[in-house]
Amino acid sequence: MEAERKTYEHRYPSRRSVVYSDRGMVCTSQALAAQTGLDMLKRGGNAVDAAVATAIAMTVLEPTSNGLGSDAFAIVWSEEEKKLFGLNGSGWAPRLLTRDAMRRAGFQTMPARGWASVTVPGAPSAWAELHRRFGRLPFQELFGPAIGYAESGVPTQPVTSYLWAQDEEAFAPYRDEPAFAPFFETFLDGGAPKPGERRRFPCHAKTLRRLAETGCESYYRGSIAAAIDAFSRATGGYLRREDLELYRAEWVEPIRLSYHGWDVCEIPPNGHGIVALMALNILQHLGTRADRDDEDTVHRQLEAMKLAFTDGMEYITDPRCMRMDTGYLLSDAYAARRAAEIGAEALLPHPVDPDCGGTVYLCVADGEGNMVSFIQSNFQGFGSGITIPGLGISLNDRASSFRLDEWAANVLVPGKKPYHTIIPGFLMKDGRPVGPFGVMGGYMQPQGHVQLLMNLLDFGLDAQEALDAPRWQWTGGKKIMLEEGFGAGVAQALRDRGHEITVARDFTGFGRGQVILRGEDGVLRGATEPRADGAVAAW
């Protein structure tokens, strides 16, 4: 059975085609969620209505990757205003979560699970902000499908089942800790579900109703905030009602890079979308090889990615606390300097420890020209493992990204937003919107963005081929993972250059992406990731 495998692989490769449409389209990693968004378009909603409804449904349909305690980011093209908007729905560290508190608790580094890993969740505020500014349908209507799924239950999809089983194993050491008891009761009562097994979440449905009725205000300034505060106090947590009531998702200006005549747009720090732009700029200075699967092409991509990631991990944090100007990191001077360091042999930069992460990405386009790139995440699987009893709210573990070294840019400070891995992308050409794209998966995300964009813009692949193509992943030092599709010859040639190559059969660690591109003819071209349970819903 799929859920019992140690690795997830297909015996036979499947084939997907680009989906074409001109009235509306939703792409995400869960077919029922994509259909939820499409239903909103058919009811007269716009791309933002569809994106928010899809995101809400995903908290029920793929709880291994996101939930009601997630963070979220969005990039929105408004056809009416002819403008690109960014929304930062990441939260900050609670005021009681201090370096001194961590040291008193015996931590030398930030823990990956538990209350010390929790930041203020931003996703519900992001839903409300998106709808308030751009939505058309009544806000409560966007919650209906998710409430129905939570109450009646839905069969679990294969990849979600596999990830659920992995998380069951990861959380096993916390089973006897009181703060984790609601998590096991909510998500692991009876163990991880097998493919096709139905799971119901009545508490989740009750919470969704409260959010729908109050425009998500109850989460931050009402009964839900009070319940979060009470459970935190009762189980040794740091999050308080005061931390929640001050929070609102923040509108930001997207950053962009001109790459071979295309504008690649990302959310600015504290997200690490800038890492993808930095790597692309370095590669632009090196010059593009014609063959995507040539070992020299892959080597250059890897070296550029390592250098960009090294600098990103050093400097990216809450923009109010950054010591490096983002303009310099995107400049030609920076790219030329880093490009000059790349030679024929593998470099050994400061290592990073990537994690596949738990994230959902979705993109939407409507027939009026509006487009949304949206991403939502608990971070590592189910997140912190802290679930609010009776409400089904699984809280994120974003504070685990903070550092306790007082000289680090990303040092833990109450009220500060951490280095953030989730990054929605958007592509433009000559001032017109081309479309949203994203590749979820923790520290794989900027690596996935670079490979996806080069597949589209440098190597001439269509949207589905660009997602299907085998990927590489840098995992620290000189360690590289390759998917099997590259072939033994490329793997050996990279070893000869000093890369430490592992060929992976389990594809779940290489990201899960979605793309919608609008051609000059107005026709939408949608593609969804073969490494997930995804679908393109269109009409």
**OP:** Please test R133 against V76 for side-chain contact (heavy atoms from CB on, under 4.5 Å), starting from the C-alpha separation and ending with a verdict.
**Re:** CA-CA 11 Å; R133 188 158 192 173; V76 178; over 6 Å; no

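- Just one residue in the list F382, W115, F231, Y174 forms a ring pair (Phe, Tyr, Trp, His ring centres under 6.0 Å) with F180, and that residue is Y174.
- A donor atom on one side chain and an acceptor atom on the other are not found under 3.5 Å apart for E250 and N88.
- In this structure, F183 and F187 have tilted ring planes: the angle between them lies in the 30° to 60° band.
- When each of N66, T59, D71 is tested with Q376 by the rule side-chain hydrogen bond (donor to acceptor under 3.5 Å, both in side chains), just one qualifies, namely N66.
- Judged by distance alone, the side chain of D533 and the main-chain N or O of T160 form a donor-acceptor pair under 3.5 Å.
- Judged by distance alone, the side chain of T36 and the main-chain N or O of L32 form a donor-acceptor pair under 3.5 Å.
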Original post:
Should D100 and T98 be marked as a side chain to side chain donor-acceptor pair (under 3.5 Å) after you check the CA-CA gap, both sets of side-chain angles, and the distance that decides it?
Top reply: CA-CA 5 Å; D100 286 343; T98 65; 5.4 Å; no

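- Side chain of S232 to main chain of L239: a donor-acceptor pair is present (N/O by atom type, distance under 3.5 Å, no hydrogens or angles).
- Around atom CD of Q108, no more than 12 heavy atoms belonging to other residues, nucleotides or ligands sit under 6.0 Å away.
- Although no hydrogens or angles enter the test, the distance criterion places no donor-acceptor pair under 3.5 Å between the side chain of R95 and the main chain of R240.
- In this model, no donor atom of one side chain and acceptor atom of the other lie less than 3.5 Å apart for S29 and Q514.
- A donor atom on one side chain and an acceptor atom on the other are not found under 3.5 Å apart for Q447 and W472.
- At distances below 3.5 Å, not a single donor-acceptor pair connects side-chain atoms of N270 with backbone N or O atoms of Y419.
- Between the side chain of Q473 and the main chain of M444, no donor-acceptor pair closer than 3.5 Å is present.
- Side-chain contact of N378 with S394: a donor-acceptor pair under 3.5 Å is present, judged by distance alone.
- Both tests pass for R398 against the ring of F379: distance under 6.0 Å to the centre and angle within 45° of the axis.
- Y361 does not carry R512 over the face of its six-membered ring by the limits of under 6.0 Å from the centre and within 45° of the normal.
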Subject >> side chain to side chain donor-acceptor pair (under 3.5 Å) assessment of S401 paired with N410 >> reply: CA-CA 8 Å; S401 294; N410 196 40; 5.7 Å; no

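- H272 and E266 share no side-chain donor-acceptor pair at under 3.5 Å.
- Within the 3.5 Å criterion, the main-chain N or O of F402 finds no donor-acceptor partner in the side chain of K416.
- Judged purely by atom type and a 3.5 angstrom limit, W474 uses its side chain to pair as donor or acceptor with the backbone of G477.
- Looking only at distances, no side-chain donor or acceptor of E177 sits under 3.5 Å from a matching main-chain atom of A179.
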